[in-house]
Amino acid sequence: MSFPRIRRSRLAVAALAALLPVAALTSVAAPAATAATVAAVPTPFSSIVPAPASATPASGATYTLASGAVISTDVPGIGDYLAAILRRSTGYALPVHTPGTTSGGISLLLSGAPASVGDQGYQLDVTASGVTVRAGKAAGLFSGVQTLLQLLPAAAQGATVGSGPWTVTGGKIVDYPRYAYRGAMLDVARHFFTVAQVKRYIDQIALYKVNQFHLHLADDQGWRIAINGWDRLTTYGGSTQVGGGSGGYYTQAQYSDLVAYAAQRYITVIPEIDMPGHTNAAEASYPAQLTCDGKAPPLYTGTDVGFSSLCTSKESTYQFLDAVISQLAALTPGPYLHIGGDEAKSTKPADYVAFVNRVQQIVASHGKTSIGWHEVANATLLPSTVPQFWDTTTSNAAVAAAAKNGSKILMSPANLTYLDMKYTSSTKLGQDWAGLTEVKKAYDWNPGAYLSGVGEQSVLGIEAPLWTETITSSADIEYMAFPRLAALAELGWSPQSTHNWTAFGKRLAAQGPLWKVLGIAYYKSPQVSWPSGS
Ligand code: TNX
């Protein structure tokens, strides 16, 4: 088939791919598409990822963004965010105003939403005259904007001006999350990623209403965040990575910039300093304070785990941790600091328990709540401390006891949520110690009924970690994260009643054209019927 007018624009072709029925794209004899054909097939509500709590299309009604449209908003930052995306792709001026001065166009309002949407949900109404998103809080408004963006043609998120029309399915959506915490983790310790690379990933996770971004900032291979008064952590401890490259680190100003960038997308950053194991880089930098024998181990560029431990019996270890934790707390507006705690195979069990008990207190003394990998449940947890379950089993006595004691549990079973697991045995990147994880497997489980003794009410949410022993570029990140991150984001947001692989597979397929437009190097899982051209 031929699209003479737009033949040279890959973005425009991708936009058409998003909108045309699959048959039209696969059949050689299909007639050339016209603007009218395109406009007749706006993205249906059934394509939205994560699936909304409720969505009612109004048959026949659509809204088409006009060149003179105005964005009216109670939250200027969200209006500006949406306008910046749509100005690039539509070429329209899209001025952003406070509400009340105009009608029609796009309205983003902090009034009139039903109470059922809570702090993170929204209501979206699309009529022929305009689009209105209503929410109780700005976070909900931002989620509603993501839904609106998905309902527009994929080219609406493109980097260059497309031809439109920019048409949205009419109807009403009332939507809110199943879990308050929907997270993604990036390991910047095994391989370092620049601020620009991290921002790119933050932009991508925001598309799917992920609202927590966990940064794994220190491990055996590198320390990646500047701590005042402890310069060697970064200048020496941050100077390498897996494979022996030059590593890197964030200044505190760069970290704050990431926190602010995430906050503009209603994403909370959770910094992790892994301890008492996974600490070779710190020990190599400050052996007198942090190792029991005072000797510096060499920097480490391999991928083994479990060989390092802070000296839990030295007071200087806790003075160091107080400096690290107080500075991270001051830089981090969110409530959580992650204290690691996994695979401390070189720490005696009794020392581990005493260490975790004490570190929890240090975190609390700086006004923050601890998250730790689930081994921390072997210590005496504060009820506010959140164990993050990462094992491949479906029962864990210590985690069940923590839940019984009032702790909320964060669910990251490695066999289902680890984005560094290979999809199939022939996946070039990644590991397979927790199994192979195709997208259907990542989707097909129920976080609220998975771990014995940890029911729906005990689940804080779900997180998808991406460990980076084998991951070195944004394309690598994207290949491992997409499409699985979208599946996990849906598990965190959508009601269990929407859970259905067949329907989800279709929703996922509808993301292909968007990922193409955004240049996301996703894995084209054969379990999904991706539209041709996407
Ligand atoms: C286990 S899971 C680890 C990480 C590795 C990961 C690789 C967990 C809390 N620890 O140190 O990077 O496996 O998949």
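We count ligands from 1, going down the list as the structure has it; atoms in each ligand are counted the same way.
Scanning the protein heavy atoms around atom 9 (C) of ligand 1, the nearest turns out to be Asp342 OD2, 3.1 Å. Here the protein heavy atom with the shortest distance to atom 3 (C) of ligand 1 is Glu343 OE1, 3.4 Å. Given atom 11 (O) of ligand 1, the protein heavy atom at minimum distance is Arg190 NH2, 2.9 Å.
Against a heavy-atom cut-off of under 4.0 Å, His278 is close to the following atoms of ligand 1: 11 (O). Near Met421, meaning under 4.0 Å from one of its heavy atoms, ligand 1 places the atoms 14 (O). Interface atoms of ligand 1 facing Gln431, defined by a heavy-atom separation under 4.0 Å, are 7 (C), 14 (O). The atoms of ligand 1 that sit less than 4.0 Å from any heavy atom of Asp420 are 7 (C), 14 (O).
Contact check on Asp187 versus Arg190 returns a salt bridge, with a Lys/Arg side-chain nitrogen under 4.0 Å from an Asp/Glu carboxylate oxygen. Salt bridge absent: Glu438 and Arg484 never bring a charged side-chain N and a carboxylate O closer than 4.0 Å.
Between the side chains of Trp390 and Glu343, no donor N or O sits under 3.5 Å from an acceptor N or O.
Residue Trp433 places at least one N or O, backbone or side chain, under 3.5 Å from an N or O of ligand 1. Checked by distance only, ligand 1 and Glu469 come closer than 3.5 Å through their nitrogen or oxygen atoms.
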Pair Gln204-Glu478, side-chain hydrogen bond (donor to acceptor under 3.5 Å, both in side chains): steps then yes or no: CA-CA 9 Å; Gln204 293 167 356; Glu478 292 158 18; 2.9 Å; yes

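Cation-pi check for Arg265 over Phe142 is not met; the charged atom does not lie both under 6.0 angstrom from the ring centroid and within 45 degrees of its normal.
Looking at Tyr418, Trp467, Trp373 and measuring to atom 2 (S) of ligand 1, the nearest heavy atom belongs to Tyr418.
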Please output the side-chain donor-acceptor pairs of residues 402-409 that fall under 3.5 Å, not counting sequence neighbours, one pair per line with the distance.
from: Ser407; atom 1: OG; to: Pro383; atom 2: O; distance (Å): 3.3
from: Ser407; atom 1: OG; to: Thr385; atom 2: O; distance (Å): 2.9
from: Lys408; atom 1: NZ; to: Gln457; atom 2: O; distance (Å): 2.7

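Judged as a side-chain hydrogen bond (donor to acceptor under 3.5 Å, both in side chains), not a single pair has a partner in residues 231-243 (not counting sequence neighbours).
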